[in-house]
Number of protein chains: 2
Amino acid sequence: MGSLDTNPAVYSAFGDDGAAFQPLNPDDVRSYLHKAVDFISDYYKSVESMPVLPNVKPGYLQDELRASPPTYSAPFDVTMKELKASVVPGMTHWASPNFFAFFPSTNSAAAIAGDLIASAMNTVGFTWQAAPAATEMEVLALDWLAQLLQLPTSFMNRTSAGRGTGGGVILGTTSEAMLVTLVAARDAALRRSGSNGVSGLPRLAVYAADQTHSTFFKACRLAGFDPANIRSIPTGPETDYGLDPAKLLEVMQADADAGLVPTYVCATVGTTSSNAVDPVGAVADVAARFNAWVHVDAAYAGSACICPEFRHHLDGVERVDSISMSPHKWLLTCLDCTCLYVRDTHRLTDSLETNPEYLKNDASDSGEVTDLKDMQVGVGRRFRGLKLWMVMRTYGAAKLQEHIRSDVAMAKTFEDLVRGDDRFEVVVPRNFALVCFRIKATGGMSEEHADEANRVLMESLNKTGKAYLAHTVVGGRFVLRFAVGSSLQEERHVRSAWELIKKTTTEIIS
Amino acid sequence: MGSLDTNPAVYSAFGDDGAAFQPLNPDDVRSYLHKAVDFISDYYKSVESMPVLPNVKPGYLQDELRASPPTYSAPFDVTMKELKASVVPGMTHWASPNFFAFFPSTNSAAAIAGDLIASAMNTVGFTWQAAPAATEMEVLALDWLAQLLQLPTSFMNRTSAGRGTGGGVILGTTSEAMLVTLVAARDAALRRSGSNGVSGLPRLAVYAADQTHSTFFKACRLAGFDPANIRSIPTGPETDYGLDPAKLLEVMQADADAGLVPTYVCATVGTTSSNAVDPVGAVADVAARFNAWVHVDAAYAGSACICPEFRHHLDGVERVDSISMSPHKWLLTCLDCTCLYVRDTHRLTDSLETNPEYLKNDASDSGEVTDLKDMQVGVGRRFRGLKLWMVMRTYGAAKLQEHIRSDVAMAKTFEDLVRGDDRFEVVVPRNFALVCFRIKATGGMSEEHADEANRVLMESLNKTGKAYLAHTVVGGRFVLRFAVGSSLQEERHVRSAWELIKKTTTEIIS
C-alpha cells in the first residue's frame with residue numbers, strides 16, 4: 001500500500017509533537033470505537049450483496065498490504081480504509097444471510113456488546129480473586145443455561161440446595177472440552193488400574209461413532225492415547241448414522257476381554273456431517289458397565305434443547321459425566337463460547353489444578369471459590385461469561401426459543417422444497433436446521449455420476465457468490481449440506497438459494 | 001433483582017407485538033454498541049477511583065442477580081444497569097492505573113476496535129477457504145511482528161524469497177503454545193525411537209528451570225508425559241534464577257545414560273515470578289546434543305524485544321524450534337493473543353492435522369495455503385489477527401517501542417525509590433518493568449519475621465483498594481512483585497503507590 005506514513009510530520013497521529021503516547025486516550029477510545037460501530041452497522045447492511053465466498057488467490061492480502069510494519073503511526077482512518085479496501089473483499093462472510101455452509105456462527109447485538117465490554121475491561125480471570133465478578137458471572141451464566149437446557153442439578157455450580165459437586169467452565173472450543181475431560185478420564189483410569197506413572201497408558205481405549213467430529217480423534221492423540229486404541233465405531237443408515245449401543249458394547253467388551261481398559265466414550269448430539277444423534281442414555285448404560293467416562297458433544301444441537309420439543313435428544317444426560325455445547329454456534333453468542341459441564345468438578349481439577357506461589361491467595365485457600373484456570377488448558381482467560389449472560393438477560397428464554405424454532409422452520413421449508421422436486425433426495429432425516437440433500441441418481445445416472453453432478457453443483461453455486469454451501473460424504477455418497485441459521489437470514493434468502501440451486505441443477509443436468 | 005421483566009406487555013423489547021425476532025436488527029446493533037462504547041469511555045475515566053481489588057465475598061453476584069434466566073426480553077438498558085450496579089463493583093480492575101499485580105493486560109483503542117470488528121464479523125477461520133482474509137491477515141500480522149522482534153526469517157510464513165517452511169499461528173494462551181509443541185516433539189521422539197504407538201512414552205523426558213511457569217508442567221501432563229520424567233531444574237541467585245546450561249546438560253546426560261529420551265526443553269525469557277531470563281542460545285546448544293525440541297516462552301518479555309536494547313535476550317533464537325509471546329500481555333493487544341512461531345510448520349501439522357470430508361476444499365488440496373486449524377488444539381477460531389494488525393498498523397513500531405520504554409522507565413523510577421529507602425531491598429535485578437522487592441530483615445528482624453511483615457504489607461495495601469500487588473517466593477523468601485504497565489498508568493500512579501507502601505510499612509514496622 002505504498003508508504004503513506006513514512007513522513008511522520010504529516011501522518012503521525014500520536015504525540016510526535018512530544019506528548020506522551022496514550023494507548024487508551026479517552027478521545028481515541030471513543031473515536032475509534034464509534035468508527036468501528038459505524039463500520040459494523042454498514043457491514044451488516046451491505047454484507048448481503050457481497051460474494052459470500054470471495055474470489056481471491058492464496059497470498060492476495062500480502063500482495064495488497066505492506067510487507068513490513070510501519071515505523072510511524074497513522075490516523076486510524078488509514079487503518080480502517082485498508083480494512084475496507086483489502087480485508088473485507090477477501091472475507092468469507094459468515095455473517096451473510098446467504099451463508100449456508102458448515103454450521104452458522106450465530107450472533108446478536110447483545111453478545112457483541114458484551115464481548116466489546118470484555119475486551120475493554122480486559123480482565124484475566126484465572127483465579128476467583130483475580131476477577132471475582134467475572135468468575136461469578138461465568139458460573140451464573142452457566143447455571144442459567146443449565147436451567148434452559150433442563151440439565152440435572154448435578155451439573156450446576158449452585159442450586160437452591162447450595163454449592164454442589166458439579167459445575168462448568170466456558171472454553172474456547174469443543175476440542176478443549178474434549179481434551180480436558182479425556183485427560184481427567186485418562187488419569188482416573190490410570191489410578192484405578194494401579195498404573196505406575198503413564199506405564200498403563202498403552203492399555204487405555206476410547207470410543208466414538210465414525211460420525212464423531214475429527215477433532216475428537218485429534219484430542220485423543222493430544223492426550224497421549226495410543227492411536228491403535230482409538231475406536232471409531234461404524235454407523236449406517238439403519239440408525240440414521242447414530243451410534244448403535246449394541247455395537248459399542250461389543251467393541252468395549254472385546255477390548256476388556258483383551259486386557260484393555262475402556263476409558264472414555266464420546267456421544268454426539270447433532271453430528272457435524274449430518275446431524276445424527278447418538279442415543280445418550282443407552283450409551284451411558286453401556287459405558288457404565290466398564291466404568292468409562294461419557295462425554296456428550298452437543299456443540300451445535302445442544303442449543304436446540306432449550307426448546308421442550310428437542311430436549312428428548314438429551315434424555316439420559318443425568319447418567320453421563322460431562323456435556324459440552326457451544327452458544328457461539330447456535331445461541332446468538334459470538335465466538336468463542338463453548339460451555340462445558342461436569343458432574344464432579346474434582347475429577348477435572350484433580351488433573352488440571354496448579355498452585356504456583358504467585359497465584360496463591362486467601363480466597364483460593366478457603367476452598368469456597370472456583371478458580372477457573374483449574375478447569376481448562378491455559379491460565380489466562382477472557383471474560384467470556386459476560387456476553388453469554390447479556391444474551392440471556394436481554395432476550396430471555398422465550399425469544400431464544402423463538403430463534404431456534406424460526407431457524408428450524410426455515411430448514412423445514414427448504415426440506416419441503418427439496419422433497420417437492422423429484423430430481424433431488426433428502427439423504428438423512430432432518431433433525432434440526434441442517435438439510436442433507438443431493439441430486440438423485442435417476443434416469444440411468446450412476447451413483448458415481450450423481451456424486452460428480454453434486455460436486456459440480458456445489459462448486460457452481462459457490463462460484464456465483466450468491467450462496468455458500470459445504471458438502472459431506474454420507475454412506476459413501478457426496479451430499480450437500482444446507483445449514484440454516486445465519487443471524488441475518490430470513491426465509492427469502494432460503495427461497496432465493498433454492499431457486500439458484502434449481503436453476504444451476506438444470507444447467508448441469510442438461 | 002426481583003422480577004422486572006415478568007410482564008412482557010410492559011418490559012419486553014423484541015417483537016412481542018408479533019414481529020419476528022431479529023438478533024442483529026440494525027437499530028439494535030447501533031444502539032447497543034454505542035451504549036457499550038459510552039460505558040467503556042466512562043469506565044476508563046472512573047476506574048482510577050474504584051477499589052482495584054473489590055471487597056466482595058464468594059457468591060456475592062449470585063445473591064445480587066436473579067438465580068434463573070428471565071422468560072421475557074428486557075430493554076438493553078436493564079442489562080446495562082445490572083452490569084453497572086452488580087458486576088462492576090465486583091471486578092478486579094485490571095484496567096486500573098493502580099493495578100500492579102501479576103503482569104498487566106495491556107490494551108489500546110486500536111486493539112479493542114479490531115476485536116470488536118472480529119466479534120461482529122464472527123468468522124470461523126479453520127481453513128484458508130473458510131476465511132481467506134482472516135487467515136492471511138493472521139499470517140501477515142505474525143510476519144510483521146517477527147520483523148519487529150528481529151526473528152530469523154526461518155520463523156516467517158513468507159519472506160522476500162517466497163513461502164518458507166516456518167510459520168506461526170495466534171493461539172489463546174501460552175499454555176496452548178506449549179501443549180501443541182510438546183505434542184509435536186513427543187510424536188517426533190516416538191517416531192525416532194521406533195516406538196510402537198505410545199509404548200515408548202514412559203521413556204520420554206522434558207526439561208525446564210524451576211522458575212518456569214507452572215502451566216508448562218501442566219501442559220506436559222496433558223500431553224501424557226510421565227510425571228516422573230518431567231524435570232524441574234533448580235536455579236539460584238548465582239544465575240539470577242535463570243537456567244544454568246551446565247546443570248541442564250548434567251540432567252539431560254544422566255537421563256540419556258539411563259535410557260531415557262530427552263525430548264523437549266522450555267526456556268523462559270522473563271519468568272512470571274521474577275523476570276529471570278534463561279540463556280536461549282546456550283540452552284539450544286545443550287538440547288542439540290540430544291536432538292531435543294527447544295521452545296522459548298517469552299510471553300511477557302518478548303514484547304520488550306521489539307526494542308534493540310532488549311533484543312539480546314533472544315540471542316540464539318535462530319537455533320530453537322519454536323517461540324511464543326503474548327501481545328495481550330505487553331503489546332497493547334487485548335486478550336486473547338498468543339503468537340506461536342515454529343521453524344518447521346510440518347513438525348506441528350504432522351501431529352495436529354485433520355482432514356474430515358466436510359472441510360475438504362480445493363485450496364487445502366493445493367498445498368498452497370495454510371489451514372490454521374492444523375496448528376492448534378481446536379478447529380474453530382476467532383479472527384484474532386485483525387486486532388494485532390490494527391495495533392501495528394495504527395501505532396507503528398516507534399510508538400510501540402516508546403510504550404515499552406515508558407513502562408521500563410517507570411519501573412526504573414520505582415526501583416530507584418525502593419533503593420533509596422534502606423528499609424527495603426530489591427531482591428533480583430530488574431530486567432524489564434517488574435520490580436521484585438521486600439522489606440529487609442534488618443535490626444535484629446529474622447528473615448521469617450520479614451516474610452511475615454511483607455505479607456502483612458501486601459494484604460494491607462490490597463485492602464486499601466488504592467493499589468493491588470501480588471507476591472512470589474524467590475530463594476525461599478516472600479517477595480512483593482510491582483509490575484508496571486497497565487495501559488492507563490502514568491508516573492504519578494507509580495509514585496502514589498510508593499507513598500502508600502512507605503506509609504503502610506511505617507505503620508506495620510512500628
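These values consider heavy atoms only, across backbone and side chains, with no hydrogens, waters or symmetry-generated copies. Convention: sequence-line order gives letters A, B, ...; per-chain numbering from 1. Computed from a prediction, not measured in an experiment: that's the story for all the values here.
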### Query
Given the rule in the salt bridge (charged side-chain N to carboxylate O under 4.0 Å, His left out) test, do D336(A) and R382(A) qualify, once you have shown the distances and angles that lead to the verdict?
CA-CA 10 Å; D336(A) 37 12; R382(A) 271 174 74 86; 5.1 Å; no
### Task
Please step through side-chain contact (heavy atoms from CB on, under 4.5 Å) for the pair V379(B) and L359(B), ending with a clear verdict.
CA-CA 10 Å; V379(B) 181; L359(B) 296 183; 4.2 Å; yes
### Query
H93(A) and Y43(A): ring-ring contact (aromatic ring centres under 6.0 Å, His included), yes or no, with the steps?
CA-CA 10 Å; H93(A) 297 289; Y43(A) 176 73; 5.6 Å; yes
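Contact of A223(A) with chain B is made through backbone and side chain together, with heavy-atom distances under 4.5 Å. Contacts of L332(B) with chain A are made by side-chain atoms alone, with heavy-atom separations under 4.5 Å and no backbone atom involved. In this structure, no portion of T338(B) lies under 4.5 Å from any heavy atom of chain A. Heavy atoms closer than 4.5 Å to chain B are found in the side chain of R158(A), but not in its backbone. If you measure heavy-atom distances from S326(B) to chain A, you find no contacts under 4.5 Å at all. Only the side chain of Q147(B) comes within contact range of chain A, with at least one heavy atom under 4.5 Å from a heavy atom of that chain. Interface residue T354(A): only side-chain heavy atoms are found under 4.5 Å from chain B. P227(A) touches chain B through its side chain: at least one heavy atom from C-beta onward sits under 4.5 Å away, while N, CA, C and O do not. Heavy-atom distances place both the backbone and the side chain of Y60(A) under 4.5 Å from chain B. Contacts between I40(A) and chain B at a heavy-atom distance below 4.5 Å involve the side chain alone, from C-beta outward. For V183(A), the part lying near chain B is the side chain, with the backbone staying farther off; criterion is any non-hydrogen pair under 4.5 Å. Contact of L352(A) with chain B is made through backbone and side chain together, with heavy-atom distances under 4.5 Å. Using a 4.5 Å cut-off between heavy atoms, A67(A) contacts chain B through its backbone alone, with no side-chain atom that close. Heavy atoms closer than 4.5 Å to chain B are found in the side chain of E490(A), but not in its backbone. Heavy atoms of E459(A) lying under 4.5 Å from chain B belong exclusively to its side chain. Only the backbone of K373(A) comes within contact range of chain B, judged by heavy atoms closer than 4.5 Å. Heavy atoms closer than 4.5 Å to chain B are found in the backbone of R381(A), but not in its side chain. Contacts between L83(B) and chain A at a heavy-atom distance below 4.5 Å involve backbone atoms as well as side-chain atoms. For D38(B), the parts lying under 4.5 angstrom from a heavy atom of chain A are both the backbone and the side chain. For A363(B), no part lies under 4.5 angstrom from a heavy atom of chain A. Only the backbone of S351(A) comes within contact range of chain B, with heavy atoms under 4.5 Å apart.
For chain B, the option among R30(A), E368(A), E176(A) with the highest count of heavy-atom pairs below 4.5 Å is R30(A). Among the candidates A228(A), A130(A), S273(A), S199(A), the residue making the largest number of heavy-atom pairs closer than 4.5 Å to chain B is A130(A). Between chain B and the residues F39(A), W128(A), W144(A), F217(A), the most heavy-atom pairs under 4.5 angstrom are made by W144(A). Annotation: maximal heavy-atom pairing with chain A below 4.5 Å, among Q62(B), M80(B), M91(B), occurs at Q62(B). With chain B as the partner, the residue from T173(A), T472(A), V87(A), I117(A) showing the most heavy-atom pairs under 4.5 Å is I117(A). Of all the listed residues (A113(B), P26(B), A470(B)), the one sharing the greatest number of non-hydrogen pairs under 4.5 Å with chain A is A113(B). Chain B forms more heavy-atom pairs under 4.5 Å with one residue of S175(A), G380(A), A36(A), P58(A) than with any other, namely P58(A). No other option in T272(B), L201(B), D143(B), V369(B) has as many heavy-atom pairs under 4.5 Å with chain A as T272(B). When each of P202(B), A120(B), A95(B) is checked for heavy-atom pairs under 4.5 Å with chain A, A120(B) comes out on top. Counting heavy-atom pairs under 4.5 Å between each of L140(B), D115(B), V29(B), T123(B) and chain A puts T123(B) at the top. Ranked by heavy-atom pairs under 4.5 Å with chain A, the first of M392(B), K329(B), R221(B), K218(B) is K218(B). Per-residue heavy-atom pair counts under 4.5 Å with chain B were compared for N107(A), L33(A), N122(A), and the maximum is reached by N122(A).
Heavy atoms only, all atoms of each residue included: N361(A) and Q129(A) are closest at CB-OE1, 3.4 Å. Listed here is the closest heavy atom pair of V37(B) and H34(A): CG1-NE2, 3.5 Å.
Residues S73(B) and F21(B) are not in side-chain contact: their nearest non-hydrogen atoms beyond the backbone lie 4.5 Å or more apart. Counting only heavy atoms from C-beta outward, the side chains of F76(B) and M390(A) approach each other to under 4.5 Å. H471(B) has its side chain out of reach of R481(B): every pair of non-hydrogen atoms, C-beta onward, lies at least 4.5 Å apart. At least one side-chain heavy atom of P54(B) sits under 4.5 Å from a side-chain heavy atom of T92(B). Using a 4.5 Å cut-off on side-chain heavy atoms (C-beta onward), Y72(A) and P70(A) make no contact.
Side chain of Q22(B) to backbone of L24(B): no donor-acceptor contact under 3.5 angstrom is found.
Using a 30° and 60° split on the angle between ring planes, W94(A) and F102(A) fall in the parallel class, below 30°.
Side chains of T394(B) and T79(A): a donor on one and an acceptor on the other come within 3.5 Å.
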